[in-house]
Amino acid sequence: MRNLLPFISSHPGGRSALTCRFRCGDACFKETPNNSDNEYAGDIIAGAVSRRSMMRAAAVVTVATAAGTAALTGPSAPQAEAAALAGHGGKPGRPQKPGASGARGLRFSPVAPNKDDKVTVPDGYAQNVVIRWGEPILRGAPAFDPDKQTAKAQAGQFGYNNDFLSLLPLRGERGRQVMVANHEYTDEILMFRGYDPANPTREQVEIAWAAHGLSVVVVQEEHRTGKLGPVNRHPLNRRLTATSEFRMTGPAAGSTLLRTSADRTGRKVLGTLNNCAGGTTPWGTTLHGEENFNQYFANGTTAMHKRYGIGTGATERKWERFDRRFDLAKEPNEANRFGWVVELDPYDPDSTPRKRTALGRFKHEAAQPRLTSDGRPVVYMGDDEKFDYLYKFVSSKRMKKGNSRAAREHNLTLLDEGTLYVAKLTGDSPVTEIDGTGKLPNDGEFDGSGVWIPLATGTTSHVPGMTAEEVYVYTRLAGDKVGATKMDRPEDVEPSPRTGRVYVALTNNSDRGKEGKPGVDEANPRNANKHGQVLELAENWDDPTSDGFAWRLFLVAGDPDDPATYFAGFPKESVSPISCPDNVAFDAHGNLWISTDGNALGSHDGLFGVATHGDRRGELKQFLTVPTGAETCGPVIQDRRVLVAVQHPGEIDGASVEKPASVWPDGPGKIVRPSVVAVWRKDGRDIGV
């Protein structure tokens, strides 16, 4: 057995201090916002129903059989698979030709863990940089010059720190697609030469406002390869920034909790901030989660500000010096206008994006819908904070098919009416078998049942002591009051298009089990959890409107040689090491693709594919790694192309414009630039087949 891979950072996962500082305002080093005394799953395991009866209620066997999968109660991959894989290069880093053995869609040579300052892809694959921070996309925007940046120029250029990506079809324009990108946050130390964090200039602040938000960019495919490039000045190209107009919609729109001195209606908001992951709807719009919005607001004054992680002093970026709305001592409700899911129509460049209050307010990582059998969207969402919760929203309206104006207008109301729920999970093993080490309980899996607790429906609150408006604006407090399960940073949540099962990326939680903090439970089974896990959830009767579900941990991440890891029962000697799962996506074969944030195993972050069904269920392979200091974001998996957002390259402690820690993507002497990368097979065939 090889030595365990090294843990490399005192920060959560393997993040640098610089990343923690600018991305989330050092959230993990401040008091945990959730200090509620509601039960966590470890307290209620004794009341669990039996695993057998719970699984009967879930009734996932029929669904799984139809999709060619093993049910949640089914056997894991046979151990004989280890011998079969051994002859086909299943070990990470061993040469394996495209098309060799593996789950369909994952037949590529796994990339070995590495610390190379580049995007590393499998043998037989090629790549290109699609678009970089600062490239002009709107008419009149100048070419990027790092020493001549202006707010006006940035407002017409591709934004900073790209995260979520979506590629949508563009009818009538052969070889073209519409790409939508989130721009999560800015790192001014890596953007501006000679930046003084204590005294930012107004121009620097306004550039940062313009570098946040969203980009809509039409991209063109190069004939005979998978290369993509931007179509500059296309009529659909668009920038939305921290000063663009957004509309509040849904049951809390107009609430006194959302009104400010600049907006007496509570319906008109300037800007969207810290957009992390998102989703693509069946009706052709994109969803964008406002995540660590708390760090932009100074001088928090209330207990509710504290529950959302807002500090009592100045902010890192000092925006409050230049716009009073970022000073909560002057505008206490301004922060309530952030922390929502934003819906954007990328096909209408004149439309006003909407912040959907019916989906609740918290640190949204993402929002990905699935449809019920009668056409109503159900959206699953995670609150990316230690010890916060998993949610879903069930719409009361049905989607209209087609692309007529009437259908599009109707579908743009789907996320304004319905019921918001929060999850409570129960394990099925005795408390004594969940010891905090990650050792599997005697039944061989971390699993159990769960219920969806309703919080609000329209103007009706289901939470005692809270109005519906309060539930939507202070959703975290509502989850506290009803006893939701405290999770290990629920980030991206994605339903499988093939099976309907829902996969939840739980990134890590270094505070789990510490004195005064919640202890382990079966869904969050490791103390000081540095590597995270992926939870698999099956709604009862495969009905996404159900109020109950079965669950189990699909992956318990980390070094495969560590006994405290688990890969859906697949032989661990035949998988790649993975740490800190974050964004997830599916391919056409039903494989789950996982990007990581803060790899704590001594390698750069990467993108991984894992089989979710069949006799190779749990087979996990690393597809790529990203450059020094970077995070892998926004994966899009198409038949012949993989798209990733390379976020915050070079974001290493001590780095600056003058002292870069990375030379990606343009080489020595050039400023480091977050960028989008496309990867394809050199022979033009489908990925991984």
Side-chain angles (χ1 to χ4, degrees), residues 58-60 62-69 164 166-169 180 249-250 277-289 341-347 354 356 358-360 364 366-382 390-421 423 452 454 457-458 492-504 536-550 584-590 592 612-613 636-638:
V60 296
T62 302
V63 177
T65 302
T69 67
F164 167 74
S166 180
L167 281 176
L168 298 101
V180 184
T249 68
T280 304
T281 70
W283 52 94
T285 64
T286 52
L287 304 179
H288 309 266
V341 170
V342 176
E343 184 170 14
L344 170 70
D345 183 353
Y347 295 108
R354 298 158 167 90
R356 302 298 193 186
L359 275 61
H364 283 278
Q368 180 57 51
R370 65 181 290 201
L371 295 178
T372 64
S373 58
D374 63 354
R376 289 178 291 149
V378 175
V379 184
Y380 296 92
M381 303 168 287
L390 174 66
Y391 298 86
K392 81 171 177 181
F393 168 81
V394 180
S395 177
S396 59
K397 290 185 174 182
R398 300 179 183 179
M399 186 185 87
K400 288 187 177 180
K401 296 182 179 180
N403 203 38
S404 68
R405 181 174 179 178
R408 291 192 67 79
E409 288 180 353
H410 169 81
N411 291 339
L412 285 170
T413 70
L414 293 175
L415 301 184
D416 282 338
E417 297 180 22
T419 300
L420 180 65
Y421 299 84
W452 292 110
T457 305
D492 206 351
V493 186
E494 295 270 340
S496 168
R498 287 173 59 96
T499 66
R501 294 186 198 173
V502 179
Y503 293 80
V504 184
E536 181 183 48
L537 180 156
E539 299 274 23
N540 288 355
W541 312 110
D542 190 40
D543 178 1
T545 71
S546 171
D547 60 2
F549 56 88
V584 293
F586 283 92
D587 65 21
H589 310 288
L592 181 70
T612 63
H613 61 276
V636 176
I637 317 300
Q638 298 184 316

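- Taken to the nearest 0.5 Å, the CZ atom of Arg398 stands 12.0 Å off from the CG atom of Leu371.
- Judged as a side-chain hydrogen bond (donor to acceptor under 3.5 Å, both in side chains), and not counting sequence neighbours, Ser396 has no contacts.
- Contacts of His364 classified as side-chain contact (heavy atoms from CB on, under 4.5 Å), with partners at least two apart in sequence or in another chain: Val341, Phe362, Met381.
- In plain terms, the two heavy atoms of Ala358 and Phe393 that are nearest each other are O-CD1, 3.5 Å.
- In this structure a side-chain-to-backbone donor-acceptor pair under 3.5 Å is present from Asp492 to Val584.
- Proximity of Leu414 to Thr281: side-chain heavy atoms (C-beta onward) are nowhere separated by under 4.5 Å.
- Looking at every heavy atom in both residues, Tyr347 comes nearest to Pro169 through OH-O, 2.6 Å.
- Atom CG of residue Asp543 and atom OG of residue Ser373 lie 6.5 Å apart, to the nearest 0.5 angstrom.
- Here the side chain of Lys392 pairs a donor or acceptor atom with the backbone of Pro544 at under 3.5 angstrom.
- Between Trp283 and Glu343, some side-chain heavy-atom pair lies under the 4.5 Å cut-off.
- Between His613 and Thr499, every side-chain heavy-atom pair lies at or beyond the 4.5 Å cut-off.
- Residues Thr545 and Trp452 form no side-chain contact, since every pair of their non-hydrogen atoms from C-beta on lies 4.5 Å or further apart.
- A salt bridge is absent between Arg370 and Glu539: the closest approach of a Lys/Arg side-chain nitrogen to an acidic carboxylate oxygen does not fall below 4.0 angstrom.
- A salt bridge links Arg408 to Asp345: one of the charged nitrogens lies within less than 4.0 Å of a carboxylate oxygen.
- In this structure, CE on Met399 lies 6.0 Å from CG on Asn411, to the nearest 0.5 angstrom.
- Looking at Thr249 and Arg356, their side chains come closer than 4.5 Å, going by heavy atoms from C-beta outward.
- Under the 3.5 Å distance criterion, the side-chain polar atoms of Asn540 are left unmatched by any main-chain donor or acceptor of Asp547.
- Atom OH in Tyr421 sits 15.0 Å away from atom OH in Tyr391 (nearest 0.5 Å).
- The distance from atom NE2 of His288 to atom OG of Ser166, rounded to the nearest 0.5 Å, is 7.5 Å.
- When all heavy atoms are compared, the tightest approach of Leu420 to Leu359 is CD1-O, 3.7 Å.
- The two residues Thr419 and Pro454 come nearest to each other via the heavy atoms CG2-CB, 4.2 Å.
- A donor-acceptor contact shorter than 3.5 Å is absent between the side chain of Glu494 and the backbone of Val504.
- Here the closest heavy-atom approach between residue Ala277 and residue Ala366 is recorded as CB-CB, 3.5 Å.
- Scanning for ring-ring contact (aromatic ring centres under 6.0 Å, His included) contacts around Tyr503 gives Phe554, Phe586, with sequence neighbours left out.
- Two residues are said to be in side-chain contact when any heavy atoms from C-beta on lie closer than 4.5 Å; Leu287 and Pro369 meet this criterion.
- Side chain of Thr612 to backbone of Gly590: a donor-acceptor contact under 3.5 angstrom is found.
- Atom CD of Glu417 and atom CZ of Arg376 lie 12.5 Å apart (nearest 0.5 Å).
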Test side-chain contact (heavy atoms from CB on, under 4.5 Å) on Thr286 and Leu168; report intermediate values, then the result.
CA-CA 9 Å; Thr286 52; Leu168 298 101; 4.0 Å; yes
